[in-house]
Amino acid sequence: GQSLEQPSEVTAVEGAIVQINCTYQTSGFYGLSWYQQHDGGAPTFLSYNALDGLEETGRFSSFLSRSDSYGYLLLQELQMKDSASYFCAVISSYKLIFGSGTRLLVRP
Amino acid sequence: EAQVTQNPRYLITVTGKKLTVTCSQNMNHEYMSWYRQDPGLGLRQIYYSMNVEVTDKGDVPEGYKVSRKEKRNFPLILESPSPNQTSLYFCASSPITAGTGYNEQFFGPGTRLTVL
């Protein structure tokens, strides 16, 4: 079957760097995407990796290793507003499959 | 403003009473989808549509119906709601591009449904 594994919760200090990992098991892999969701809000798209390597978008970077079925989201210079849930997602057989999410808590 | 809208935002209903949640997007996106979100389970895809008149089941389609008669609209229908369909529902749309496929989903604000 298909599944994505990510840690349920991560805590970090303001200004620090945090990495949220995602391992996946799926057939017909087409790339890994990341979404952010604040409490009470809708998910918003952050990034997408189709090929191996690092994609950088401001303070956020996302990495993919297809051979290891693994990716991560890297958040730098953490701010209080980064406290949210983060989901990795893959497309498998035309369906979009999401991980169960990682709740990031940023402390002062 | 480019957006996905859903109505209603909140709904309390009783078992067996048919309901429809509307979804509309103004971005001319080909791909549309419905998800439900339950604590600890993330987002699970209910149905998706690659284009007008083309719909298919996601991972949790039981108890739901959809239609895609126009490109902008993708209503979710619960013919006979049951308490296990109490959840937070999101509609989303995405362009289908060579670069990202349909990975860049734009989500509506969500509909919180309670079935008593």
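Letters go in sequence order (proteins before strands), and every chain restarts at 1.
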Proximal component of A/Y35, with respect to chain B [non-hydrogen, under 4.5 Å]: side chain
side-chain contact (heavy atoms from CB on, under 4.5 Å) against B/I12, all qualifying residues, sequence neighbours excluded: B/T114, B/L116
Side chain to side chain, B/M27 and B/V4, heavy atoms closer than 4.5 Å: yes
Under 4.5 Å from any heavy atom of chain A - which part of B/L43: both
Are the side chain of A/N49 and the backbone N or O of A/S33 linked by a donor-acceptor pair below 3.5 Å? no
Can you tell me which portion of B/Y102 sits under 4.5 Å from chain A's heavy atoms? Options are side chain, backbone, both or neither. both
All side-chain contact (heavy atoms from CB on, under 4.5 Å) counterparts of A/L54, not counting sequence neighbours: A/E56, A/S61, A/F63, A/Y72
Would you say that B/Y47 contacts B/K57 through its side chain, given a criterion of any heavy-atom pair below 4.5 Å between the two side chains? yes
Pick one of side chain, backbone, both or neither for A/I97, based on which atoms fall under 4.5 Å of a heavy atom in chain B. side chain
As an exercise: rank A/G101, A/P43, A/A42 by heavy-atom pairs under 4.5 Å with chain B and give me the winner. A/P43
